[in-house]
Amino acid sequence: MDLPRNAFKAALIEGRQQLGLWCTLSSAYATEVVAGAGFDWLLLDTEHSPAELTTVLAQLQAVSAYPVSPVVRPAANDAVLIKRLLDIGAQSLLIPYVQNAEEARAAVAATRYPPDGIRGVSALTRATRFGRVKNYAREAARELCLLVQVETQEALDQIEAIAAVEGVDGIFIGPGDLAASLGHVGDLKHTRVVDAVENAVSHIRAAGKPAGILTGDAAFAKRCIDLGTTFTAIGVDAGILARNLEQLLSAFR
Ligand SMILES: O=C(O)C(=O)C[C@H](O)[C@@H](O)CO
């Protein structure tokens with residue numbers, strides 16, 4: 001069989017807006033519920049969620065029946081975590097806390113087989129469909145999408161250098177950690193935070209890479225899209241569930 005095509009990567013290359021949902025509920029069943037909602041991509045988070053490798057495997061299997069692209073966030077920029085996620089079939093990864101070009105290069109190397117990188121080889125993984133994908137080792141990189149996350153002032157200062165790293169397919173701004181780095185933890189609406197996010201989107205676009213963001217504020221999401229974000233996550237499953245449950249109950253109490 002042929003290497004599965006990465007529709008999310010193709011959309012980013014073509015500049016087609018991808019609306020996403022952050023998934024932290026860490027359940028294949030919950031992920032299947034949201035997979036049919038019509039989003040373009042789902043972020044399966046393992047950095048700030050209890051999801052383990054087997055959870056992500058079940059989530060990937062659950063979404064495979066739906067026209068939505070999974071993007072998996074490892075808990076850290078770690079070659080072993082990245083290898084294991086690639087082996088279970090993740091083709092798009094969002095690497096948290098990338099501070100400079102060197103760390104971006106390390107992330108890229110973790111996704112490539114030698115001589116281009118350091119990914120360990122196994123021919124019998126879900127990624128290779130258990131040995132059925134023709135020429136997997138030689139072709140895998142073509143359909144991998146590597147997104148790196150900038151979330152500190154130091155990283156913002158390095159956007160051009162990070163964007164220039166070959167193999168980086170997009171740059172995501174983490175507004176929560178960025179706010180903390182700027183001294184405004186929890187205050188995502190602070191003007192310094194909003195300005196920093198907006199400037200970062202413009203810099204990423206000027207550097208020729210797709211830009212991404214997560215915000216549950218619909219007006220700000222639209223503003224980011226206007227500024228040029230191509231992969232825009234507009235909510236978090238746990239937050240949507242919690243707030244809607246509270247709203248439902250408040251109509252009766
Ligand atoms: O810094 C951020 O913002 C992010 O990285 C996204 C958060 O981690 C996400 O978990 C918000 O719920």
Side-chain angles (χ1 to χ4, degrees), residues 18-27 30-31 34 39 41-52 55-56 59 70-78 81-82 85 90 92-100 103-104 107 145-159 162 168 170-201 203-204 209-221 223-225 227 229-246:
Q18 299 292 286
L19 293 175
L21 183 77
W22 217 257
C23 298
T24 65
L25 288 174
S26 305
S27 138
T31 303
V34 300
F39 286 91
W41 61 289
L42 300 178
L43 189 285
L44 308 180
D45 194 20
T46 73
E47 186 193 10
H48 289 294
S49 87
E52 298 292 351
T55 326
V56 180
Q59 289 175 294
V71 179
V72 185
R73 181 164 75 166
N77 184 3
D78 177 278
L81 295 179
I82 290 171
L85 290 171
S92 298
L93 296 176
L94 173 62
I95 310 299
Y97 205 77
V98 170
Q99 292 284 80
N100 50 48
E103 292 181 11
C145 182
L146 186 74
L147 311 169
V148 298
Q149 188 164 342
V150 293
E151 39 195 343
T152 64
Q153 181 60 57
E154 188 184 340
L156 295 190
D157 295 341
Q158 299 296 320
I159 278 177
I162 292 171
V168 168
I171 301 182
F172 176 92
I173 304 147
D177 283 300
L178 181 58
S181 146
L182 295 174
H184 303 290
V185 66
D187 188 1
L188 301 191
K189 294 196 169 168
H190 193 285
T191 50
R192 278 192 67 213
V193 178
V194 172
D195 287 350
V197 171
E198 294 187 358
N199 283 333
V201 174
H203 276 112
I204 295 164
K209 291 287 171 183
I213 188 77
L214 162 66
T215 173
D217 176 334
F220 191 56
R223 166 92 181 130
C224 289
I225 290 170
L227 286 169
T229 57
T230 317
F231 53 111
T232 314
I234 54 176
V236 181
D237 59 0
I240 291 167
L241 180 62
R243 300 294 83 79
N244 278 281
L245 290 171
E246 291 151 10

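Both backbone and side-chain heavy atoms feed into the values below; hydrogens, waters and symmetry mates do not. All values derive from a computational prediction rather than experimental measurement. Atoms within a ligand are numbered from 1 in the order they appear, just like the ligands themselves.
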Proximal ligand 1 atoms for His48, defined as those under 4.0 Å from one of its heavy atoms: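 Contacts of ligand 1 toward His48, numbered from 1: 8 (O).
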Glu151: numbered ligand 1 atoms lying under 4.0 Å from its heavy atoms: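 Answer for ligand 1: 1 (O), 5 (O).
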Which residue and non-hydrogen atom of the protein lie closest to [atom], and at what distance in Å?
| atom | result |
| --- | --- |
| atom 9 (C) of ligand 1 | Trp22 NE1, 3.6 Å |
| atom 1 (O) of ligand 1 | Asp177 N, 2.9 Å |
| atom 11 (C) of ligand 1 | Leu214 CD2, 3.7 Å |
| atom 8 (O) of ligand 1 | Arg73 NH2, 2.8 Å |
| atom 5 (O) of ligand 1 | Gln149 NE2, 2.5 Å |
| atom 12 (O) of ligand 1 | Val236 CG2, 4.1 Å |

Which atom of Val197 lies closest to which atom of Ile173, heavy atoms considered: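 Here Val197 and Ile173 meet closest at O-CD1, 3.9 Å.
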Minimum heavy-atom distance Ile204-Pro210, with the two atoms named: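 Nearest pair, atom of Ile204 first, then Pro210: CG2-O, 3.6 Å.
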Heavy-atom check, side chain of Thr24 versus side chain of Asp237, under 4.5 Å: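 Answer yes - side chains close enough.
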Asp187 and Val193, any side-chain heavy atoms less than 4.5 Å apart: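 Sidechains of Asp187 and Val193: no contact.
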Thr229 side chain vs Gly212 backbone, donor-acceptor pair below 3.5 Å: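 Flag not set: sc Thr229 to bb Gly212 has no pair under 3.5 Å.
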Closest to atom 3 (O) of ligand 1 (judged by heavy-atom distance), picking from Gly235, Gly176, Ser49, Gly216: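 Comparing heavy atoms across Gly235, Gly176, Ser49, Gly216, the nearest one to atom 3 (O) of ligand 1 lies in Gly176.
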Whether Trp22 and Trp41 hold their rings parallel, tilted or perpendicular, with breakpoints at 30° and 60°: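 Answer is perpendicular, since the angle exceeds 60°.
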Ser26 and Thr55 side chains, donor-acceptor separation under 3.5 Å: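 No, because no side-chain N or O of Thr55 sits under 3.5 Å from a partner of the opposite role on Ser26.
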